[in-house]
Every structure is written in structure tokens, then in C-alpha cells.
Amino acid sequence: MKKIDTHCHIHCKRYIEELKRRGWALREVSIIEKAGVMDWQEYVEARIASMDKLDIERQVLSPASPLCYFEDDEFNLYWCQAANDLLAEVCRKYPDRFSGFVTVPLRNVKHAIDELKRVIDAPGMVGVVLGSHLGGKMLDSPELMPFYEELNKMGLTIFIHPAPPVDIDKVPAYQQLYNLHQFIGFLFDTTMAVARMVLKGIFEKYENINLITSHLGGTLPYVYHSIDMMWESLVEDHIEVSPKPPSEYFKRFYADTGRPLKAATLQCAIALLGERHILFGSDIPYWMDFNAPERIISAIEGIDLPVQTEEKIFYENAKRLLRC
């Protein structure tokens with residue numbers, strides 16, 4: 001069965017080297033390096049061989065976390081340009097195998113819009129990736145609205161990827177103990193970001209923006225009833241929020257499968273989003289490096305879904321949404 005893998009990371013070696021030079025989050029840098037930081041040419045053929053083995057027609061690439069949300073605007077812009085140029089190079093060289101999500105220095109909205117316009121029309125670009133927060137600034141911040149307006153005009157897709165939770169450095173045990181910040185914190189950070197954006201009315205005002213939430217939507221499929229209840233109390237208190245319950249907007253979203261899967265978790269996501277809004281994603285090269293897609297594929301196939309549902313998840317939904 002043909003597949004499109006919508007959650008795949010590519011590493012910019014120059015970026016990692018610069019982070020190390022600045023002494024930033026060396027533990028995170030080490031994790032990324034173990035996942036395969038090297039010049040693209042050194043491992044692209046191995047990745048394509050793995051794709052062929054699993055009948056994966058295409059990977060949709062995005063930079064790995066951490067995203068470029070430092071206080072240094074010039075560094076953020078420099079790194080985005082380097083990452084996007086690398087993406088464009090890969091997509092030009094292998095147009096039938098790779099597409100990409102543009103990354104932007106969103107702490108500076110003008111820089112973000114300029115960089116988006118510079119690269120979005122390059123071959124293979126299918127949308128934009130955003131971290132779940134901007135180094136503490138939230139994605140529903142009023143100063144970001146001109147950026148969303150631009151995305152809305154273009155009818156683009158946003159891929160939300162979690163960042164380490166805000167102020168994680170103030171709770172060292174959370175980061176260090178059992179990787180809780182990655183295996184649990186990431187899921188909640190995605191949920192918090194998306195819920196705030198919905199409550200702010202972003203998806204009411206900008207209806208042409210599509211949204212992909214990584215890792216099966218974080219915890220949205222399991223807590224959306226609570227978010228709706230919160231919305232009701234806010235309305236009763238005459239606090240300005242979205243005109244419809246959050247779940248009405250969540251149902252428009254997409255979610256990828258880039259996390260360890262069980263039947264119950266996938267069924268929860270399908271119950272909220274519908275089978276036409278679930279995308280195959282592996283989070284490669286994390287979750288066992290090149291073997292990550294095989295692990296996710298085996299999990300999906302082991303759930304005993306109807307063949308038509310598997311075809312939608314593995315291929316048809318991504319093909320329709322991203323037109324790749």
C-alpha cells in the first residue's frame with residue numbers, strides 16, 4: 001500500500017554546530033546528534049532505500065526541534081534561511097520523493113513574512129512549520145495576526161510541532177527525569193498551543209488555514225470535552241472567545257501518527273477528527289531512527305482497520321491536503 005510520511009525531520013548541521021558554539025541546551029543537541037546529524041548527502045540514499053522497502057512514496061520534511069525562537073532575531077533569520085535552502089535543495093534533487101514545510105523566524109513577524117514569501121513557491125514546499133510557542137511567547141499573541149493573515153491569503157497548511165515546555169529550565173527534574181519533557185510535556189504543549197489559538201478565534205477569522213497537529217494531536221482527542229466546558233464557562237462570564245465551541249474547530253484539523261500507537265489512542269483521534277483527517281507520520285529519525293516508519297506502519301496495520309481507512313491514513317488524506 002502506497003504511503004506518504006508527513007512527519008519527517010531533516011537536520012541542518014550548521015545550525016547544530018552554532019548551537020554548540022553558543023553553549024545552548026547541550027543535552028538537547030546531543031539527542032539530536034544521536035538521531036543522525038550529518039550532511040544530507042551522507043544519508044539520503046539510506047533513507048530512500050528505507051522508504052522503498054516500506055512502499056513510502058514521499059516524505060514531507062521539516063527541521064528538527066529546537067526551532068528558531070531565540071531572542072537574537074538575526075540568528076533566527078540566518079538559521080531559517082539555511083534550513084529552508086537545505087529543504088529546497090533536497091526537494092529539487094529528489095522532486096518525486098521529498099516535500100517540505102517552510103520554517104520562519106516568527107518572533108519577528110516581518111522577518112517571518114519575508115522568509116515565507118522568499119521560499120514558499122520553491123518546488124516541493126507545501127506549508128509552514130511552527131513550534132508550539134516562541135520561546136515563551138504564545139502562538140495566539142496579537143502581534144502574530146499579520147502572519148496568519150498572510151497564511152490565510154495563501155491558503156496554507158500549518159504543521160504545529162511541540163517545543164520544550166516554557167520555563168522547563170526552572171524545573172530540572174522535569175527535563176532530566178525519564179525524558180518526561182519529551183514523552184509527556186510535548187503532548188501537552190501542543191494541546192495548549194492549539195487550544196489557545198482556537199479560543200482566540202484565529203480559525204474563525206482565518207478559515208483558509210489548514211492545521212496539522214503532530215503526535216495525534218497531543219492530548220486533544222482525550223481532553224476536548226474539558227476544553228468545551230471551559231469555553232462554556234468563559235461565555236457565561238462574558239469573556240471574549242471563539243463564537244463556537246473549540247471542538248467545532250478541532251474537527252477541521254488534521255493529526256499525524258508520529259507517536260507510539262495503540263488501537264485506543266488512534267480510535268480516539270478518529271472519533272474527534274474523522275478518518276479523513278488522520279495522516280501517516282513517523283517522526284523519523286526519532287523513534288528508532290530509520291526504523292521509525294516501520295514501527296508506526298506495523299502498529300496501524302495491527303489495529304485491524306478497514307482497508308479503505310488504512311488507504312486514507314497512509315496516502316489519500318496527505319495527497320488531498322498537501323497536493324504532493
Side-chain angles (χ1 to χ4, degrees), residues 1-9 50-62 96-99 101 126-127 129 157-162 186-187 190-191 194 198 203 209-225 227-228 245-284 286-288 290-324:
M1 186 179 295
K2 290 192 298 184
K3 303 170 188 72
I4 296 174
D5 191 342
T6 61
H7 187 157
C8 305
H9 294 300
S50 174
M51 292 165 63
D52 289 342
K53 175 183 173 183
L54 299 172
D55 207 15
I56 297 173
E57 179 180 278
R58 181 178 298 273
Q59 288 184 352
V60 186
L61 306 171
S62 58
D96 297 329
R97 307 310 302 269
F98 299 103
S99 300
F101 288 113
V126 296
V129 58
T157 295
I158 298 175
F159 172 45
I160 296 279
H161 193 281
F186 273 16
L187 303 179
T190 298
T191 303
V194 172
V198 165
F203 298 101
I209 295 176
N210 295 307
L211 183 75
I212 301 172
T213 57
S214 54
H215 308 120
L216 269 190
T219 63
L220 279 180
Y222 326 112
V223 302
Y224 73 89
H225 289 298
I227 300 173
D228 277 354
S247 60
E248 292 300 309
Y249 302 94
F250 297 157
K251 292 172 184 177
R252 288 167 33 189
F253 298 163
Y254 294 76
D256 70 57
T257 61
R259 58 170 293 181
L261 279 181
K262 294 292 183 181
T265 56
L266 183 57
Q267 292 292 0
C268 277
I270 291 175
L272 173 62
L273 305 172
E275 63 181 28
R276 285 172 54 86
H277 284 226
I278 306 297
L279 308 171
F280 169 56
S282 68
D283 208 357
I284 187 174
Y286 303 97
W287 306 119
M288 300 175 65
F290 288 151
N291 294 322
E294 187 171 3
R295 182 176 181 173
I296 301 296
I297 291 168
S298 296
I300 294 172
E301 292 177 340
I303 292 172
D304 195 29
L305 296 168
V307 173
Q308 298 89 336
T309 301
E310 285 194 5
E311 289 174 341
K312 290 183 177 73
I313 292 172
F314 279 130
Y315 188 81
E316 293 174 7
N317 294 340
K319 192 75 174 179
R320 182 186 70 253
L321 173 65
L322 302 176
R323 299 187 292 275
C324 60

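FYI, side chains are in, hydrogens and waters are out, and symmetry mates aren't considered; it's all heavy atoms of this structure.
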Side chain to side chain donor-acceptor pair (under 3.5 Å) filter on Asp52, not counting sequence neighbours, yields Arg97
All side chain to side chain donor-acceptor pair (under 3.5 Å) counterparts of Ser99, not counting sequence neighbours: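 Ser99 satisfies side chain to side chain donor-acceptor pair (under 3.5 Å) with Arg58 only.
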Please verify the inter-ring angle class for Phe159 with His161; under 30° counts as parallel, over 60° as perpendicular, anything in between as tilted.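 Because their plane-to-plane angle is over 60°, the rings of Phe159 and His161 count as perpendicular.
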Quick one: does [X]'s side chain get under 4.5 Å of [Y]'s, heavy atoms only?
{"X": "Phe250", "Y": "Val194", "answer": "yes"}
{"X": "Ile297", "Y": "Phe280", "answer": "yes"}
{"X": "Leu54", "Y": "Glu294", "answer": "yes"}
{"X": "Phe101", "Y": "Val60", "answer": "yes"}
{"X": "Ile300", "Y": "Thr257", "answer": "yes"}

Under a 3.5 Å distance rule, please check whether [X] uses its side chain to pair with a backbone N or O of [Y] as donor and acceptor.
{"X": "Lys3", "Y": "Met1", "answer": "yes"}
{"X": "His9", "Y": "Ile284", "answer": "no"}
{"X": "Ser214", "Y": "Ile160", "answer": "yes"}

Please collect all salt bridge (charged side-chain N to carboxylate O under 4.0 Å, His left out) contacts where either partner lies in residues 245-257, sequence neighbours excluded, each pair once.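 Salt bridge (charged side-chain N to carboxylate O under 4.0 Å, His left out) check on residues 245-257 returns Glu248-Lys251.
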Side-chain donor/acceptor pairs under 3.5 Å, residues 311-324, sequence neighbours excluded:
residue, atom, partner, partner atom, Å
Lys312, NZ, Glu275, OE2, 3.3
Tyr315, OH, Lys2, NZ, 3.4
Tyr315, OH, Glu57, OE1, 3.3
Tyr315, OH, Glu57, OE2, 3.0
Asn317, OD1, Arg320, NH1, 3.3
Asn317, ND2, Glu275, O, 2.8
Asn317, ND2, Arg276, O, 3.4
Asn317, ND2, Ile278, O, 2.9
Asn317, ND2, Lys312, O, 3.1
Lys319, NZ, Cys324, O, 2.6
Arg320, NH2, Arg276, O, 2.8

To the nearest 0.5 Å, what is the distance between CD1 on Ile209 and OG1 on Thr157?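 Going from CD1 on Ile209 over to OG1 on Thr157, the span is 9.5 Å.
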Sequence neighbours excluded, the answer for side-chain contact (heavy atoms from CB on, under 4.5 Å) partners of Leu187 is His215, Thr219, Arg259
Filter on side-chain hydrogen bond (donor to acceptor under 3.5 Å, both in side chains), then keep only pairs touching residues 297-306, sequence neighbours left out; what's left?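 Of all non-adjacent pairs touching residues 297-306, none passes side-chain hydrogen bond (donor to acceptor under 3.5 Å, both in side chains).
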Do you know the tightest heavy-atom contact between Pro221 and Leu272? CA-CD2, 3.9 Å
